[in-house]
K.L.:
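Handing you a structure now.
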Amino acid sequence: MADQTVQLTDSAANKSTALPVVTGSLGDPALDIAKLNKETGYFTFDPGFVSTASTRSAITFIDGDKGVLLYRGYPIEQLAKQSSFLEVAYLLINGELPTAAQFGAFDDEVTHHTMMHESLRHFLNGFRYDAHPMAMLCGSVATLSAFYHDTLDIADPEQRRLAALRLIAKMPTLAAAAYRFSIDWPVRYPRNNLEYVTRFLHMMFEVPSEPLQLSPVAAKALDLLFILHADHEQNASTSTVRLVGSTGANPYACVAAGIAALWGPAHGGANEAVLKMLGEIGTADNVSKAVEKAKDKNSGFRLMGFGHRVYKNFDPRATIIREMCHKVLADLGVNDPLLDVAMKLEEVALKDPYFVERKLYPNVDFYSGIIYKALKIPTEMFTVMFAIARTAGWVAHWLEQHNDKDTKIGRPRQIYTGATNRDYVPLDKR
Ligand code: SDX
């Protein structure tokens, strides 16, 4: 689209400004407002960046109306069926699916970066016994920068690559260590003979006194959940990683900031909040009351796991997880009454005009907690699961940002609403 513009007319100043239109390979066009303030004296105002693109990116694309999610152009449904989390991590970072040799080298390098320093293990011992695992993960990931001085020079592409790989490799080790600490069990070291997800489950659940019998269903289910949670455009935590990255901060600090952002119940913390909500609702009979409460603005209660900034249709990940729920629970011989509550809640909400008018559908967090629970992962570890998976997306965006010539330090403007200029009043005069 050669040099298309949109005319902005300022009736007060009787002036018209041509705003260049920017288009990508897919998705809505955008107005380039980089010079808006200089040319018109105006800023734009967009709390929560509902209509604002912060960057160009080639990693993930979402069509919210159609419920489409592509990682590097590949539909999430195909990757969920045919790929693995570690292969998806390679794809997100490198932009192409690996050959067998490329994946073998990647897998081998990740496998040989899974250990953590013993003194980092002692760092974890400094937490109180009841520390939330997200607090421990956030702290320990930021602390990686104190151990790996060989990957702090972000101007060096090889150091950037190695830091990204280390973060993918060590996240499961740190996550499992946080869990083991919370149950006062000794940390299990990563086993190089196991593949990525099975290795994590062993670090989580292996009992010191006997070998762990793991059902292949559990590893496959968790691998699929990690694929579905790996990346999602400029969501709050990824935007946080990019904003921190724009200051030149080291990759461990950037990802620790992403973990902190993910923790909120409006974002990655929703999966933990969904299970608590389903537990509080208790039975299918109480669902209608919960839906009514969620519609009451004064209640302060929202249906956790419902709604999305971009999806105004079913979250394709929720559709996949919903189907998976039944299979995993059946394969594991688990009968969870919370699944009946969730199904009833979805049925009632999707028929209710309040939810229909606002296009509020179940999102990725609505069903995932039921599967985590069936895999015996404790509720407070649910968002940690999300962080393990999203590390692939966070580091892919961090690498992309450092290869983007348009990257500059992120520094939004504001609409000032405070006191206008006034003189200081000495204390004895107030
Ligand atoms: C994730 O961005 C991503 O991509 C995130 C994510 C990813 O992969 O990174 O997909 C992961 O974070 C999924 C979302 C998990 N969060 C939740 O499930 C928490 C519950 N959902 C909401 O808080 C909310 O829907 C958000 C935060 C997800 C989206 O918020 P928006 O886009 O800012 O929407 P909004 O708050 O402006 O709501 C629009 C309307 C409002 O009503 P009105 O003022 O128009 O009358 O819908 C209502 C809201 O009150 N609404 C809800 C609701 N979500 C929105 N009402 C009841 N229950 C809800 N869950």
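Each ligand, and each atom within it, is numbered from 1 in the order the structure gives.
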K.L.:
Who's touching ligand 1 if we go heavy atoms under 4.0 Å?
P.N.:
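Contacts of ligand 1 under 4.0 Å: H232, N235, P265, A266, H267, A270, A294, K297, R302, L303, M304, G305, F306, G307, H308, R309, R317, Y354, R358, L360, N363, D365, F386, R390.
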K.L.:
Is the count of non-hydrogen atoms from other residues, nucleotides or ligands lying under 6.0 Å from D28 atom CG greater than 12?
P.N.:
no
K.L.:
Between H232 and Y311, does the ring centroid distance fall short of 6.0 Å?
P.N.:
yes
K.L.:
Answer yes or no: does atom CD of Q7 have more than 12 heavy-atom neighbours from other residues, nucleotides or ligands under 6.0 Å?
P.N.:
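Above 12, so yes.
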K.L.:
Does OH belonging to Y354 count more than 12 external heavy atoms closer than 6.0 Å?
P.N.:
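Yes, because the 6.0 Å sphere around OH of Y354 holds more than 12 heavy atoms from other groups.
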K.L.:
State yes or no: are the ring centers of Y196 and F85 separated by less than 6.0 Å?
P.N.:
yes
K.L.:
List for me each residue that meets ring pair (Phe, Tyr, Trp, His ring centres under 6.0 Å) alongside H117, sequence neighbours excluded, and say none if there are none.
P.N.:
F147, Y148
